[in-house]
Q: 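What follows is a single structure, and I will ask about it in a moment.
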Amino acid sequence: MNGAVRLPARRHRGGARRLAAVLVLLAVLAAACAGRNVQLDFDGPEQGALLNGEAVETLAFQVHAEAEGQPGVFDDLVVLLDGEDVTAHADVNGPTLAFTPGELPDGARTVTIGRVSDREGEPVALVHEWSFEVDATPPEVELTAPEGAVVAGEELTVAGVTKPGATVEVAGASGVAGEDGTFEVVVDRAPDGQLTLTATDLAGNETLHEASLIAVPSRVAVEPVRTVHVSFCAWATPSLRDPILELVADGTITAVQLDLKDETGKIGHDTDIELADRVGANRPDCRVDLPAAVAELHDLGVAVIGRIVAFADPVLAGWAWEHGERDWVIQTAAGEKFVGKYAGFSNFAHPEVVEYNIAVAEEAAAAGVDHILWDYVRKPDGPVEQFTFVGLEGSPEDSIVEFVRLADERLAPYRVEHGASLYGVSADRPTEVSQDVPALAEHLDYVAPMIYPSHWGPGEYDVANPLQQPYDMVAATLEVWQEATDGTRARVLPWLEDSNWPVRLGFPDRARYVREQIQATYDAGIDEWMLWDSSVRYTTEALDG
């Protein structure tokens with residue numbers, strides 16, 4: 001083999017005198033070896049090989065001499081790593097000289113076997129050289145898709161960024177990252193709960209990347225939304241549930257509003273939320289199989305709207321007060337538990353209360369509920385001076401907006417519709433129950449004002465007798481609400497009244513009362529509505545046509 005390399009200073013051989021003596025000796029030995037005509041063979045990586053971390057761990061370079069048993073065969077050889085003398089780290093075992101470098105930095109590397117000349121100052125003659133590249137760094141993986149919830153069992157696109165040229169495998173499917181490192185893999189069926197991805201770069205380094213996956217049943221999107229309130233006890237009672245399903249079957253309603261946590265503070269379905277179990281909210285008088293209810297309604301092509309009564313919560317407030325967590329509870333100005341007409345109101349300014357309610361929403365969204373609809377996202381009605389909100393920063397209105405903003409952020413990955421039932425007066429009287437409608441509307445898909453005509457006093461919005469003028473009252477109220485939400489994210493989806501209460505107060509015909517409200521809604525340019533009856537008995541004849 002031709003060629004020569006310069007031998008760097010060999011610190012392990014001492015000064016110039018010693019080197020001269022050694023060179024003389026080497027010259028003698030070299031002559032002896034040359035006389036024997038020893039044949040050398042070389043083992044190591046292929047020229048230009050790309051070595052990963054595992055290969056580097058076992059990497060070895062060997063020189064074999066055919067003249068076994070002859071002493072001094074390798075004495076005139078040197079080993080260089082990237083031009084640096086590493087002969088001292090080579091081992092001789094019989095007819096074999098071996099060099100194992102151990103860890104090597106990434107990049108182009110060379111290992112050279114050279115022969116020392118018998119003349120001082122002459123370069124080392126090149127005997128053999130290996131050129132190779134080390135890439136021992138596993139590929140990093142950054143996922144850019146999926147974002148948010150996925151539908152379990154349906155086709156899923158997994159995308160992200162890793163090393164250029166790396167092969168990415170997910171659930172039996174694979175793809176190769178481009179020159180910019182981006183990749184996209186289409187999986188036939190989305191896994192449920194855990195996404196496992198393997199990235200293998202060109203050198204063979206492998207990275208196992210795992211990510212939690214929010215897998216939900218198929219969403220049902222409906223337009224327009226027309227729905228009725230259903231308590232969980234009503235859904236669990238065939239005599240009340242069956243008429244609701246008839247409204248679904250004939251196309252009268254496109255969604256079912258199903259309570260998740262109601263005014264009693266109870267959760268109407270099995271929940272894994274530890275706090276719910278601890279405070280006693282997980283023991284309702286009636287229980288709904290929520291996944292089964294969602295599946296049944298989805299099969300019928302209607303959406304499920306999950307209503308959560310947030311802060312009017314006698315279960316949570318009662319438990320917290322009795323167990324020394326009194327900051328969780330809205331108090332009177334004197335620091336006593338506030339009751340009023342609510343039996344207990346939890347504190348929207350306390351992080352534990354906020355987290356509890358959002359956990360209820362997330363669990364329902366993961367179970368397939370299509371909308372989360374908040375209720376009682378407010379303070380109790382009455383002058384703010386009569387209450388104490390421990391931990392409150394800013395105004396109660398600001399705190400309520402912050403809750404809705406945080407809920408919207410946390411629910412975004414689930415891709416649910418997000419709404420809130422709001423007091424009818426809040427559009428132009430935000431401090432009444434601390435509901436700043438324009439600010440709330442920036443974090444909601446819709447606001448659902450409760451604009452029941454029987455709840456308004458004479459002269460409101462220039463309507464002389466709201467009870468006897470349901471059309472006029474709804475029309476006037478919606479005008480105010482549309483103005484309050486103009487230019488915001490939220491649309492207006494009103495709660496209308498279908499109950500015996502107006503009849504008891506003197507309106508002669510319940511069906512006409514409901515029809516007039518619906519017609520006023522349509523005439524306001526809104527083709528959606530929600531109907532409320534606490535007894536869950538709706539006036540079918542009012543909805544015909």
Side-chain angles (χ1 to χ4, degrees), residues 149-154 190 192-193 213-222 225 227-249 253-310 313 315-316 356-375 411 414-419 530-538:
V150 302
V151 179
E154 292 192 359
D192 187 358
L213 198 64
I214 301 171
V216 300
S218 299
R219 296 279 183 227
V220 172
V222 296
V225 174
T227 189
V228 295
H229 158 71
V230 182
S231 64
F232 40 76
C233 281
W235 188 260
T237 305
S239 62
L240 295 174
R241 182 181 66 248
D242 290 348
I244 303 300
L245 293 176
E246 290 175 9
L247 292 175
V248 169
I253 60 175
T254 61
V256 170
Q257 182 267 284
L258 189 62
D259 280 356
L260 302 174
K261 179 163 78 80
D262 69 4
E263 295 86 342
T264 69
K266 299 291 183 68
I267 295 175
H269 56 274
D270 285 334
T271 175
D272 292 328
I273 299 171
E274 187 275 332
L275 183 58
D277 192 58
R278 184 162 25 121
V279 304
N282 197 19
R283 294 187 287 275
D285 298 328
C286 309
R287 190 178 297 277
V288 171
D289 184 336
L290 184 60
V294 168
E296 179 180 4
L297 291 168
H298 282 184
D299 285 346
L300 296 173
V302 296
V304 180
I305 302 173
R307 173 176 172 259
I308 301 174
V309 175
D313 192 331
V315 171
L316 181 62
Y356 174 55
N357 282 282
I358 293 178
V360 175
E362 287 186 311
E363 184 178 60
V369 170
D370 304 291
H371 295 217
I372 295 298
L373 177 64
W374 298 107
D375 205 347
L411 290 169
Y414 296 91
R415 301 181 184 179
V416 294
E417 288 275 307
H418 189 205
M530 300 180 174
L531 288 184
W532 178 272
D533 179 29
S534 58
S535 66
V536 195
R537 299 180 187 276
Y538 295 96

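The model shown is predicted, which means the values in this text are computed figures rather than measured ones. Atoms considered below: every heavy atom in the structure, side chains included; atoms not considered: hydrogens, waters and symmetry mates.
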Q: Do V360 and I273 come close enough that some side-chain heavy atom pair is under 4.5 Å?
A: yes
Q: Treating R219 as the side-chain partner and Y414 as the backbone partner, does any N or O pair qualify as donor plus acceptor under 3.5 Å?
A: yes
Q: Using atom types as modelled and distance alone, determine if a side-chain donor or acceptor of D289 lies under 3.5 Å from a backbone N or O of A292.
A: yes
Q: Pairs under 3.5 angstrom only: tabulate donor-acceptor contacts from the side chains of residues 293-301 to other protein residues two or more places apart or in another chain.
A:
{"residue": "H298", "atom": "ND1", "partner": "S218", "partner atom": "O", "Å": "3.0"}
{"residue": "H298", "atom": "NE2", "partner": "D370", "partner atom": "OD1", "Å": "3.3"}
{"residue": "H298", "atom": "NE2", "partner": "D370", "partner atom": "OD2", "Å": "2.7"}

Q: For K261 and I267, indicate whether the former's side chain and the latter's backbone hold a donor-acceptor pair under 3.5 Å.
A: no
Q: Evaluate the criterion side chain to side chain contact (heavy atoms under 4.5 Å, CB included) for residue pair R415 and V216; output intermediate values, then yes/no.
A: CA-CA 10 Å; R415 301 181 184 179; V216 300; over 6 Å; no
Q: Evaluate V369 against L258 for side chain to side chain contact (heavy atoms under 4.5 Å, CB included), listing each step before the verdict.
A: CA-CA 9 Å; V369 170; L258 189 62; over 6 Å; no
Q: Without swapping roles, check the side chain of R307 against the backbone of S231 for a donor-acceptor pair under 3.5 Å.
A: no
Q: Going from CG on D375 to CD on E263, what distance comes out if it is rounded to the nearest 0.5 angstrom?
A: 6.5 Å
Q: Could you tell me if the side chain of L213 sits less than 4.5 Å from the side chain of V150, heavy atoms only?
A: yes
Q: Would you compute the distance between atom CG of L316 and atom CG of N357 and round it to the nearest 0.5 angstrom?
A: 7.5 Å
Q: Please evaluate residues E417 and V225 with respect to the criterion side chain to side chain contact (heavy atoms under 4.5 Å, CB included), reporting the C-alpha separation (whole Å), side-chain torsions for both, the decisive distance (0.1 Å), and the verdict.
A: CA-CA 11 Å; E417 288 275 307; V225 174; over 6 Å; no
Q: Rounded to the nearest 0.5 Å, what's the gap from CG on L290 to CG on L260? Could you check?
A: 6.5 Å
Q: Side chain to side chain contact (heavy atoms under 4.5 Å, CB included), that's the test. Do E362 and V416 meet it? Break it down for me.
A: CA-CA 10 Å; E362 287 186 311; V416 294; over 6 Å; no
Q: Side chains of residues 240-247: which donor-acceptor pairs under 3.5 Å do they make with residues two or more places apart or in other chains?
A:
{"residue": "R241", "atom": "NH1", "partner": "W235", "partner atom": "O", "Å": "2.6"}

